[in-house]
Amino acid sequence: MKEKFISIEEAMKKGKGKVAVRGWIHRERGSNKIKFIVLRDASEIIQIVLERKDFEKQWKDIDKLQVESSLKIIGDIKKDKRAPNGYEIKAKKIEIVGLSENFPINKSLNEELLGDRRHLWLRSRKMSAVMKIRSTVTGALHEYFRGKGFYEFQSPIIIPGGAEEGPTLFEVNYFGEKLYLTQTWQLYAEAAMYGLEKLYCVAPSFRAEKSKTSRHLTEYWHTEMEVAWIGLDELMDYGEEMIKFVVSKVLKENKKELEFLGRDVKKLQIVLKKKFPRFTYDEVLKILEKKKKIKVPWGKDLRTIEEEKLMELYDTPIFVTHYPKEVMAFYKPRDEKNPKTARCFDMLAPEANGELVGGSERDTNIEELKKSLKAKGEKLKDYQYYFDIHSYGAIPHAGYGLGTERLIKWICGLDTVKDAIGFPRTMTRWKP
Ligand code: 4AD
């Protein structure tokens with residue numbers, strides 16, 4: 001077939017006359033005289049009708065076609081209320097491109113079996129819808145930061161030491177040397193910040209966390225940023241603006257996908273209209289006690305259950321600032337006005353989606369950094385380069401990291417981050 005092929009969506013826009021489309025069989029039914037095939041391509045699905053009288057020579061092959069066989073079709077398109085998408089193509093020519101065996105995906109499969117067959121499940125309309133939204137999200141993140149004058153900066157994936165929590169590092173046997181997979185771009189970005197001032201990345205981070213939750217992956221895409229000369233308030237302004245930018249892009253570009261996923265878009269629209277509330281950790285403890293009858297002892301990080309209870313009170317993300325210094329990463333500086341706390345924030349998402357973003361000002365006081373690292377049992381020699389970075393013209397600076405899959409999970413209304421990425425990696429899932 002030498003025809004000019006168009007997407008099913010384009011064919012539906014054309015609405016009448018001759019069209020040439022190609023794709024995979026999504027569903028099929030019929031009799032000895034007539035066959036109805038729902039054809040799928042990346043853009044849409046459409047019903048194709050084939051009558052035996054027009055295909056007497058090919059009928060034996062057509063009759064054997066199974067779900068996921070690939071086809072080229074030339075025919076006439078017209079509106080038909082009975083067809084799944086309101087359009088139907090009456091086929092005039094068919095070319096069978098690739099036959100399919102009995103496709104091993106069906107509604108009865110549980111999460112584990114779908115995980116084993118992820119390479120095939122990825123073709124499902126649900127996964128395609130999520131992947132399209134994911135593409136909008138990552139594209140919007142790049143667009144947001146570039147639009148604000150940020151440079152994209154890449155840091156190494158293989159690193160000699162930690163940053164967040166030593167025990168959650170994956171080891172790499174590097175020619176006999178014990179090295180690790182990165183958990184964050186941050187420490188290298190701080191070095192580059194002295195040359196670029198505003199920088200960002202969207203890159204993989206690795207966490208050997210033994211958490212089997214709906215929010216943890218062992219390999220996730222981490223959107224991080226670092227900015228010179230700013231403090232906590234401006235940092236949170238960036239975080240809020242970034243989330244609103246991404247959500248508004250998805251609302252504009254992915255109406256169809258959100259609808260397919262059954263997402264209540266009002267819950268996203270409201271986020272664009274309101275300012276995200278900002279509370280200190282101390283205030284949050286009071287809110288939890290007063291409104292949810294939960295007493296968190298001062299000094300403990302908030303647990304998932306506490307975050308979820310808190311977020312029942314809000315319909316937009318909120319910021320929680322000034323967590324207890326002792327339970328925070330070593331680079332988060334002490335707040336001088338309230339020395340038991342650090343100048344940091346977490347952004348929590350509504351609808352029980354937990355922590356989306358974590359960020360802070362950065363400590364440039366080398367003695368304080370050493371004290372914090374020692375308290376955490378880290379080896380100071382691994383951080384010599386980090387002390388060096390802040391030994392030559394240190395300035396105030398701040399940055400944050402966003403869990404890209406967590407944002408996608410929330411936007412799409414998914415049950416788990418595993419469905420926000422093509423091939424998830426968790427403690428128990430590393431193949432295909
Ligand atoms: O709060 P975290 O650990 O912060 C950092 O890594 C900082 N160095 C970032 C920075 O300031 N540049 O991680 C940041 C975010 C979290 O808020 C969460 O959304 C996500 O990364 N995240 C995970 N997402 C999926 N699976 C995991 N195991 C995650 N761990 C953290």
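Below, each value reflects all heavy atoms present in this structure, side chains not excepted, and no hydrogens, waters or symmetry copies. Just so we're clear, the structure is a prediction, and the values are computed from it rather than from any experiment. Both ligands and their constituent atoms are indexed starting at 1 by order of listing.
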**Student:** OH of Y174: more than 12 outside heavy atoms within 6.0 angstrom?
**Tutor:** no

**Student:** Between Y386 and Y188, is the ring centroid distance below 6.0 Å?
**Tutor:** no

**Student:** Looking only at the aromatic ring of each residue, does the gap between the centers of F206 and F170 stay below 6.0 angstrom?
**Tutor:** no

**Student:** Between Y200 and ligand 1, which part of the residue brings a heavy atom under 4.0 Å of the ligand: side chain, backbone, both or neither?
**Tutor:** neither

**Student:** Within ligand 1, which atoms have a heavy atom of R215 less than 4.0 Å away?
**Tutor:** 25 (C), 26 (N)

**Student:** So, do Y238 and F150 have ring centers that fall under 6.0 Å from each other?
**Tutor:** yes

**Student:** Could you say whether the N/O atoms of G359 and ligand 1 ever approach to under 3.5 Å?
**Tutor:** no

**Student:** Considering the heavy atoms of G399, write down every atom of ligand 1 situated less than 4.0 Å from one of them.
**Tutor:** 11 (O)

**Student:** Is ligand 1 under 4.0 Å from a heavy atom in the side chain of V357, in the backbone, in both, or in neither?
**Tutor:** backbone

**Student:** Backbone or side chain, does any N or O of T184 fall under 3.5 Å from an N or O of ligand 1?
**Tutor:** yes

**Student:** Name the option, out of M328, R207, E219, that contains the heavy atom nearest to atom 13 (O) of ligand 1.
**Tutor:** R207

**Student:** Under a 3.5 Å threshold, yes or no: a donor from one side chain and an acceptor from the other, between Q47 and D80?
**Tutor:** no

**Student:** For ligand 1, which atoms, with element, lie under 4.0 Å from some heavy atom of Q186?
**Tutor:** 7 (C), 8 (N), 10 (C), 11 (O), 12 (N)

**Student:** Which one holds for Y400 and ligand 1: side chain close, backbone close, both close, or neither close, with close meaning a heavy atom under 4.0 Å?
**Tutor:** backbone

**Student:** Going by the atom numbers of ligand 1, which of them fall below 4.0 Å from some non-hydrogen atom of R362?
**Tutor:** 10 (C), 11 (O), 12 (N)

**Student:** Using a 3.5 Å cut-off on N or O atoms only, is W185 in polar contact with ligand 1?
**Tutor:** no

**Student:** What part of T218, side chain from CB on, backbone N/CA/C/O, both or neither, has a heavy atom under 4.0 Å from ligand 1?
**Tutor:** neither

**Student:** For L217, state whether at least one heavy atom is located under 4.0 Å from any atom of ligand 1.
**Tutor:** yes

**Student:** Taking atom types as modelled, is there a side-chain donor on T341 or D335 under 3.5 Å from an acceptor on the other?
**Tutor:** no

**Student:** Counting only nitrogen or oxygen atoms and a 3.5 angstrom limit, does E355 reach ligand 1?
**Tutor:** yes

**Student:** Is the distance between the ring centroids of H222 and Y220 under 6.0 Å?
**Tutor:** yes

**Student:** For H390 and Y331, which I'm curious about, is there any donor-acceptor pair between the side chains at under 3.5 Å?
**Tutor:** no

**Student:** Is it the case that Y200 and E226 place a side-chain donor and acceptor less than 3.5 Å from each other?
**Tutor:** no

**Student:** Is a side-chain donor-acceptor pair under 3.5 Å present for H397 with E190?
**Tutor:** yes

**Student:** Applying a heavy-atom cut-off of 4.0 Å, say which part of E224 lies close to ligand 1: side chain, backbone, both or neither.
**Tutor:** side chain

**Student:** Mind checking whether L402 has an N or O less than 3.5 Å away from an N or O of ligand 1?
**Tutor:** no

**Student:** How about NZ on K210, more than 12 heavy atoms from neighbouring residues, nucleotides or ligands closer than 6.0 Å, or not?
**Tutor:** no

**Student:** Within the structure, does E226 bring an N/O atom to less than 3.5 angstrom of an N/O atom in ligand 1?
**Tutor:** no

**Student:** Considering both backbone and side-chain atoms of S360, is one of its nitrogen or oxygen atoms within less than 3.5 Å of a nitrogen or oxygen in ligand 1?
**Tutor:** no

